[in-house]
Amino acid sequence: MSYDYGIPSCLLQFLGACMFGDAKDYYSRQNESRRGELESEVKSFGLTAWAYRYLYDALPEAERTEYRKDYQARQVKALMGSQELKRLYRVLAEHHLRFVPIKGADLAYRLYPDTALRMFGDWDIWFHPDDCERALSVLANDGWNAMKMYSDAQDAAFKSTEHHFSPHARGPYVIEPHFTLANFDGIDPLEIWKYTVEYPAGDGQRVLSPEMNLLMLTRHAASQSYYHADIPKLLTDAAVIIRNENIDYEGLRNLAARWHLPYPGDLLAAFPEFFPADAIADFKADLKKTADFRRIFELRGKLGKPENVSLLLSRNQAQGHVVGGVLEVIRTHNPIMIRRVYHLPKHGAWDRVLWGYVCWFWTRGCRAVSACFRWNPNLKKYTALVESVDSTSSRTK
């Protein structure tokens with residue numbers, strides 16, 4: 001899958017019709033040029049399963065045949081994955097672990113009308129803060145091993161990001177065990193856990209409350225100064241929550257304000273191509289913040305993908321902490337990262353690690369710093385806008 005970072009308006013209109021209207025009617029009203037644009041965006045984002053499911057009778061024969069193969073392959077994969085997930089959930093529940101599947105592992109099977117529509121690779125599972133260490137032990141005993149490049153000298157898992165432990169693999173499946181949620185910096189995980197609820201229809205798992213689920217999605221999208229956001233996936237995830245559960249928008253606003261986080265409705269309202277007018281009215285969004293979010297994603301499309309370091313330094317410039325940004329870059333580029341970048345052994349080979357540092361700072365580092373400090377009005381506008389809507393985050397993830 002390859003796509004730019006702009007707003008795929010044609011695709012969003014189609015997906016919005018799938019979720020809130022009549023996709024076949026939408027498709028029938030498009031001219032040949034618009035249908036070609038939709039086909040291009042559907043393929044670019046890997047969403048041919050959507051086109052097959054909602055436009056089966058309307059598609060040309062060649063496209064219908066092509067898309068059916070992808071749709072059926074995703075159905076088989078989802079069915080096989082569901083069996084392994086259920087088995088895993090029962091193992092976790094038997095050990096009295098408290099856990100919450102999040103993102104694809106939760107939404108695909110619980111809320112999407114068809115599991116083939118929600119692509120996901122690894123399974124994100126958040127464990128209660130008091131159960132994390134025991135959860136890692138249970139996973140190990142169940143045959144889940146920390147992936148080699150994410151384990152220490154004893155092949156044990158460690159906190160490989162600021163919200164989850166090392167990925168664990170068992171056969172073709174991979175779990176990311178979370179100890180908190182992404183971009184909830186400085187917030188006690190026990191406080192966040194209060195917004196989980198029992199899921200009686202499941203196999204021992206809990207689920208996020210509808211409001212926390214929407215907040216989690218938009219916080220996850222904020223990673224890398226919103227470059228991590230996959231717009232079609234974010235919006236369809238939000239839509240299945242909104243359609244299937246009763247959202248207390250005032251409660252959601254208060255929850256975001258309590259933790260000084262952006263209100264999800266301000267971001268979601270930035271996409272009128274996708275959400276119908278009545279749904280946007282329910283958000284009661286701040287028009288200024290919504291316009292800023294819209295501009296962020298428009299500028300993202302013009303910028304393409306800048307160097308991560310350039311993005312980080314530019315964000316720190318917007319915060320007025322240039323020196324702090326440079327120090328943060330140095331801190332994050334530790335020996336573990338250098339070993340991964342240059343495919344070096346996990347242990348020893350320190351001469352090659354030192355040479356890796358030289359190579360990195362001479363090539364990527366210098367190029368990124370140079371790009372950051374050159375006049376790039378779009379990058380500066382972009383990071384300034386991100387800072388204005390998400391100033392509680394001290395750095396990109």
Side-chain angles (χ1 to χ4, degrees), residues 1 3-30 34-55 58 103-104 107-108 111-114 116-120 210-211 213-222 226-245 247 249 252 262-287 289-301 389:
M1 181 176 68
Y3 55 88
D4 64 32
Y5 290 90
I7 300 173
S9 295
C10 189
L11 176 60
L12 295 187
Q13 289 174 9
F14 165 66
L15 294 175
C18 293
M19 300 303 296
F20 298 102
D22 186 329
K24 290 183 181 178
D25 178 66
Y26 165 80
Y27 187 75
S28 70
R29 290 185 284 103
Q30 307 308 303
R34 288 287 286 178
R35 289 185 181 185
E37 183 180 353
L38 175 60
E39 179 184 0
S40 176
E41 291 182 349
V42 161
K43 289 182 176 180
S44 180
F45 281 85
L47 298 179
T48 55
W50 285 78
Y52 179 78
R53 187 182 192 280
Y54 287 97
L55 301 177
K103 298 188 291 185
L107 300 176
L111 295 180
Y112 268 84
D114 186 332
L117 299 179
R118 179 50 164 89
M119 294 187 303
F120 60 98
E211 295 75 26
N213 224 341
L214 286 177
L215 185 57
M216 179 275 296
L217 289 177
T218 55
R219 293 312 297 149
H220 184 258
Y226 290 93
Y227 262 90
H228 192 66
D230 179 325
I231 298 173
K233 184 184 292 185
L234 168 64
L235 298 184
T236 52
D237 281 356
V240 296
I241 296 171
I242 291 168
R243 285 187 57 191
N244 289 283
E245 304 190 287
I247 309 297
Y249 287 105
L252 174 57
Y263 169 56
D266 294 338
L267 188 161
L268 299 178
F271 297 98
E273 305 98 325
F274 179 83
F275 288 106
D278 57 345
I280 290 179
D282 288 341
F283 299 156
K284 293 183 172 58
D286 181 308
L287 297 181
K289 292 179 180 177
T290 291
D292 286 344
F293 272 116
R294 180 71 182 194
R295 186 61 177 149
I296 283 171
F297 290 103
E298 290 173 344
L299 279 172
R300 193 179 75 156
V389 300

*Quick one: do Arg29 and Asp25 make a salt bridge, cutoff under 4.0 Å?*
yes

*Judged by atom type as modelled, is there a donor-acceptor pair below 3.5 Å linking the side chain of Thr236 to the main-chain atoms of Pro232?*
yes

*Minimum-distance pair of heavy atoms, taken over all atoms of Gly6 and Ile231*: O-CD1, 3.7 Å

*Could you point out which residue of Phe275, Tyr263, Phe271 forms a ring-ring contact (aromatic ring centres under 6.0 Å, His included) with Phe283?*
Phe275

*Test item: Tyr112 side-chain N/O and Asp237 main-chain N/O as donor-acceptor pair under 3.5 Å*: yes

*For the side chain of Arg243 and the backbone of Met19, is there at least one donor-acceptor N/O pair under 3.5 Å apart?*
yes

*Hey, are the side chains of Leu55 and Trp50 touching, using non-hydrogen atoms and a 4.5 Å cut-off?*
no

*Atom NZ of Lys289: over 12 foreign heavy atoms under 6.0 Å*: no

*Interatomic spacing from CG in Leu299 to OH in Tyr5 - rounded to 0.5 Å*: 15.5 Å

_Sub-4.5 Å side-chain heavy-atom contact between Leu267 and Pro262_ = no

*What residue among Tyr26, Phe14, Phe274 forms ring-ring contact (aromatic ring centres under 6.0 Å, His included) with Phe20?*
Phe274

*Any chance you could measure Leu217, atom CG, to Arg219, atom CZ, to the nearest 0.5 Å?*
12.0 Å

*Decide yes or no for Leu235 and Leu15: does some side-chain heavy atom of the first lie under 4.5 Å from some side-chain heavy atom of the second?*
no

*Could you give me the CA-CA distance, side-chain angles and deciding distance for Asp282 and Ile247, then say whether side chain to side chain contact (heavy atoms under 4.5 Å, CB included) is met?*
CA-CA 10 Å; Asp282 288 341; Ile247 309 297; over 6 Å; no

*Nearest heavy-atom neighbours spanning Ile241 and Pro210*: CG2-O, 4.0 Å

*Glu298 and Arg295, any side-chain heavy atoms less than 4.5 Å apart*: yes

*Looking at CG of Leu287 and CG of Asp292, how far apart are the two atoms once the value is rounded to the nearest 0.5 Å?*
11.0 Å

_Contact between Ile280 and Thr290 at the side-chain level, heavy atoms closer than 4.5 Å - yes or no?_
no

*Taking every non-hydrogen atom, the tightest pair across Val240 and Asn244*: O-ND2, 2.7 Å

*Pairwise distance CD(Glu41) to SG(Cys10) - rounded to 0.5 angstrom*: 5.5 Å

*Measure from the ring center of Phe293 to the ring center of Tyr226 and say whether it is less than 6.0 Å.*
yes

_Nearest-0.5 Å distance that lies between atom CD in Gln30 and atom CD in Glu37_ = 9.0 Å

*How close do Pro113 and Tyr54 get, heavy atom to heavy atom, and via which atoms?*
CG-OH, 3.7 Å

*Considering non-hydrogen atoms only, spot the tightest contact between Ala285 and Ala269 and give its length.*
CB-CB, 3.7 Å

*Sequence neighbours excluded, which residues qualify as salt bridge (Lys or Arg N to Asp or Glu O under 4.0 Å) partners of Lys284?*
none

*Is Glu39 salt-bridged to Arg35, cutoff N-O under 4.0 Å?*
no

*Between Asp230 and Phe45, is any pair of side-chain heavy atoms under 4.5 Å apart?*
yes

*asked:* Can you give me the closest heavy-atom contact between Ala49 and Ala116, atom names plus distance?
replied: CB-O, 3.8 Å

_Assess the residue pair Glu245 and Leu111 against the criterion (side chain to side chain contact (heavy atoms under 4.5 Å, CB included)); give the C-alpha distance rounded to whole Å, side-chain angles, the decisive distance to 0.1 Å, and a yes or no._
CA-CA 9 Å; Glu245 304 190 287; Leu111 295 180; 3.9 Å; yes

*Where at least one partner belongs to residues 265-278, residue pairs that pass side chain to side chain donor-acceptor pair (under 3.5 Å), sequence neighbours excluded*: Ser9-Glu273, Glu273-Arg294

*Could you give the distance from CG (Leu214) to CD1 (Ile242), rounded to the nearest 0.5 Å?*
5.5 Å

_By salt bridge (Lys or Arg N to Asp or Glu O under 4.0 Å) - contacts of Asp114 (at least two apart)_ = Arg53

